[in-house]
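To find a chain, count down the sequence lines: A is the first, B the second, and so on, and within it residues start at 1. Values reported hereafter were calculated over all heavy atoms of this structure, with side chains retained and with hydrogens, waters and symmetry mates removed.
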Protein chains: 2
Amino acid sequence: MSEVAQLADVSPSTVSLYLRRPDEVSSRRAERIQMAIDKLSYLPNTMAGGLASSRSNIIGVIVPTITFSFFSETLETLERNLRAAGYQLLIGNTEFDASREEELIRSILSWNPSGLVLTGFSHSRKSVSLLSNSDIPIIEMWDYGQEGLDMVVGFSHRTCGRLVAEQLMRSGYQHMAFLSTNFQRDIRANERYQGFHDAIAATGGSVLVRELTGRSNTAEAGQLLCTLVNDHPEIQAVFCSNDMVALGAMLECQRQGWAIPERLAIVGFGNQDFTDSTVPPMTTVEPPRQAIGEHIARLLLDRLKGGNPEKRIDLGIKLIVREST
Amino acid sequence: MSEVAQLADVSPSTVSLYLRRPDEVSSRRAERIQMAIDKLSYLPNTMAGGLASSRSNIIGVIVPTITFSFFSETLETLERNLRAAGYQLLIGNTEFDASREEELIRSILSWNPSGLVLTGFSHSRKSVSLLSNSDIPIIEMWDYGQEGLDMVVGFSHRTCGRLVAEQLMRSGYQHMAFLSTNFQRDIRANERYQGFHDAIAATGGSVLVRELTGRSNTAEAGQLLCTLVNDHPEIQAVFCSNDMVALGAMLECQRQGWAIPERLAIVGFGNQDFTDSTVPPMTTVEPPRQAIGEHIARLLLDRLKGGNPEKRIDLGIKLIVREST
DNA sequence: TTGAAAGCGCTAACAG
DNA sequence: CTGTTAGCGCTTTCAA
């Protein structure tokens, strides 16, 4: 920067001012500075700036996974909305490992971020204390219904499970199964199961659970379903923890010659692109993947500007009823 | 840090040393320092450290998209391998927009990263000059066959297209189509088409191309395929730019009652989880999604340690021949 | 509107 | 092994 200043024949602090608030610099010097910048291909050093101002343009985001999941769409939307305001996303993924979260929180906080976005409400004691020691805006996303550390943007997975159950019961199904990937570690899939189970149990229906051992594994979903239906022929409908599992279930039905939905109704979760093309089209749940990103960006930016926006946003889900139920 | 030093009754530089190379500090003081750190829940300021050492533990990665794509698996693997060595990924996505790349390169370079990973060989003139002004290790990934700025880890998409063509021709197909998402902007899909086309044209076969307007859109793939086959009944095999498009094509065949592969053979790209469960199982191409991440980590770490590893790695692809062809 | 001066919190010689 | 000293490259008063 001092080189730029020298070449433009101004003081370093004028260059700094020009970079941050160009219109507070006289146009004559502004021009000279810009020329010097171009000539030297000067790139400001973000770390020096961050240190001096004790702020950074970083927003940390911690998600369980970025691989083929709904989170990636939230991330993309969030990034797009924050980028415009000059913020950078620092993404960490826990791979559904709780202890990783604490580590990531530490590592992100050490960057002095302007804000932090977490997935869900479940954090280690130590994480919570780390977070409460920092005074940056914090958002817990992709869930809803608990207190929250600061702000919350998401939807209730329990309600989601209940809505699916009610829809299935309205169609006359009574004996159901819940087919889940990562059931032990994915708290939100668990919550959906709870809501699903409770609504059904309350009317005297039954729900069986089966967990896949691998990650979202279409083939395994098929095998599990096959065993399940052979062992429990009374099962009429299956709610899957995501659309890929549901696809696996549907393809298995096709192989077994089980008519959908007459022999077996299938419900997915995610409303991924392909769900309207399956044969028959898949009933599924649309989580507010992008809306979550948009609202987080809005809350964060408002807060960083000194505003005092809502603390909790329930974006709900949309039940997409198609011919697989 | 000075607070920690004070509480532990040592000098700040001893604390700093303890944090960076714990075994160079006597165990007595080490213990005292650790206690002080815990007591104060001290978090080091990464930016101050980075500024002082004029290094950072950041590795920048620029990908076209992180949404439901193969890149996300490379990212996850890369992250896992670099994390162990203390590096953080700073991820930027261009959304297949070339001008975004330059912007991202600027913004990442301003963080003083230890390394930079780009997708493919196509960069603006300005980007190239920015990159050559910096002396950090640079890796271009997910492609192979051109010079490269520094290091290259990937595979040849042209060869991939040729291999698929040869496989199809061996099975006796002569009239083909290439169904692509993002054909205009996705250079690598284009390369696959070229390799595919050239191999087929050389033997007197024909290839038609159709591009989807949206992003990986299963439903649209079905519609396009339907029109295409009705207009050009001679078509016998379709190579899709990714597995989701191929899924859409297969589901459309099911709806139309076109037997796979008798009426129409389908080939995907990606070897995603679900491809072995479709009816019939899908012939597809497995790109080295994870291997790319592993090798990049290895090259980067070697280089950052002062080593001089290979410049170019061709990881090739694997043709997964199943019953859809 | 501009510039001089004083740090931001840490690391990196170096001397002890 | 430990402490002293001098910055890293910028931002931020504050005075001109």
Side-chain angles (χ1 to χ4, degrees), chain A residues 1-34 36-37 40-58 86 88 106-114 133-136, chain B residues 1-34 36-37 40-58 86 88 106-114 133-136:
Chain A
M1 178 178 263
S2 57
E3 283 185 57
V4 173
Q6 214 164 358
L7 185 59
D9 196 30
V10 296
S11 78
S13 53
T14 305
V15 176
S16 170
L17 186 63
Y18 169 73
L19 253 22
R20 282 169 300 119
R21 283 173 267 139
D23 22 277
E24 292 185 22
V25 172
S26 71
S27 55
R28 276 185 49 254
R29 308 203 186 208
E31 217 166 292
R32 290 214 309 271
I33 293 173
Q34 186 57 56
I37 288 176
L40 299 171
S41 346
Y42 166 75
L43 276 180
N45 180 325
T46 312
M47 299 216 254
L51 178 59
S53 64
S54 60
R55 296 184 276 96
S56 84
N57 65 342
I58 282 189
Q88 277 260 353
R106 264 177 211 292
S107 131
I108 291 178
L109 283 183
S110 79
W111 283 100
N112 238 302
S114 292
N133 277 337
S134 95
D135 57 349
I136 57 172
Chain B
M1 177 178 265
S2 58
E3 284 184 58
V4 173
Q6 213 162 2
L7 186 59
D9 194 30
V10 296
S11 78
S13 57
T14 305
V15 177
S16 170
L17 186 62
Y18 170 72
L19 254 22
R20 285 170 297 119
R21 281 173 268 138
D23 22 278
E24 293 186 19
V25 172
S26 72
S27 55
R28 277 183 50 252
R29 312 206 183 205
E31 218 167 291
R32 290 214 309 271
I33 293 173
Q34 187 55 57
I37 287 176
L40 298 170
S41 348
Y42 166 75
L43 276 181
N45 182 323
T46 313
M47 298 217 254
L51 179 57
S53 65
S54 62
R55 299 184 275 97
S56 82
N57 64 342
I58 282 188
Q88 277 261 351
R106 263 177 210 292
S107 132
I108 291 177
L109 284 182
S110 80
W111 283 99
N112 237 303
S114 293
N133 277 336
S134 94
D135 57 349
I136 58 173

(message) I need the CG-P distance between A:N112 and D:dC10, as an integer number of Å.
(response) 18 Å
(request) Just call it for A:Y18: base, sugar-phosphate, or nothing, with non-hydrogen atoms closer than 4.0 Å on any strand. (result) nothing
(request) Could you tell me the separation between the CE atom of B:M47 and the OG atom of A:S53, rounded to the nearest 0.5 Å? (result) 6.5 Å
(message) A side-chain contact here means heavy atoms from C-beta on lying under 4.5 Å apart; do B:Y42 and B:E3 qualify?
(response) no
(message) Strictly distance-based, threshold 3.5 Å: is any side-chain N or O of B:N112 a donor or acceptor partner for the main-chain N or O of B:S56?
(response) no
(request) When you get a sec, tell me which of D:dT12, D:dT4, D:dT11 is the closest nucleotide to the side chain of B:S11? (result) D:dT4
(message) Between A:S16 and A:P12 (side chain of the first, backbone of the second, donor and acceptor by atom type, cut-off under 3.5 Å), is there such a pair?
(response) no
(request) Walking along DNA chain C from 5' to 3', note the first and the last nucleotide with an atom under 4.0 Å from a heavy atom of chain B, and give both. (result) C:dG9 to C:dA12
(request) Starting from the 5' end of DNA chain C, give me the residue, A:E24 or A:P12, whose nearest nucleotide shows up first. (result) A:E24
(request) List the atom of B:T14, the atom of B:V25, and the distance in Å for their closest heavy-atom pair. (result) O-CG2, 4.1 Å
(message) What is the distance, to the nearest angstrom, from the CG atom on B:D9 to the C1' atom on D:dG3?
(response) 12 Å
(message) For D:dT11 and A:R21 - does any side-chain N or O of the residue sit under 4.0 Å from the phosphate oxygens OP1/OP2?
(response) no
(request) Round to a whole Å and report the spacing from CD of B:E31 to C1' of D:dC1. (result) 16 Å
(message) Within the 4.0 Å heavy-atom criterion, would you say B:S26 contacts the bases, only the backbone, or no part of the nucleic acid?
(response) sugar-phosphate
(message) Tell me the interatomic distance from A:R55, atom CZ, to D:dT12, atom C1', rounded to whole angstroms.
(response) 10 Å
(message) For the residue pair A:Y18 / A:E24, report whether a side-chain donor-acceptor contact shorter than 3.5 Å exists.
(response) no
(request) Hey, which sits more toward the 5' end of DNA chain D by its nearest nucleotide, B:L17 or B:S53? (result) B:L17
(message) If I take atom CG in residue B:L51 and atom P in nucleotide D:dT11, what distance separates them, rounded to the nearest angstrom?
(response) 11 Å
(request) Please report, rounded to the nearest Å, how far the P atom of D:dC10 is from the CE atom of A:M1. (result) 5 Å
(request) Ignoring the backbone of B:A52, work out which of D:dT2, D:dG7, D:dC10 is nearest its side chain. (result) D:dG7
(message) Using only atom types and a distance under 3.5 Å, with no angle test, would you say the side chain of B:S110 pairs donor to acceptor with the backbone of B:S107?
(response) yes
(request) Write down the distance between CZ (A:R20) and C1' (D:dT13), rounded to a whole number of angstrom. (result) 11 Å
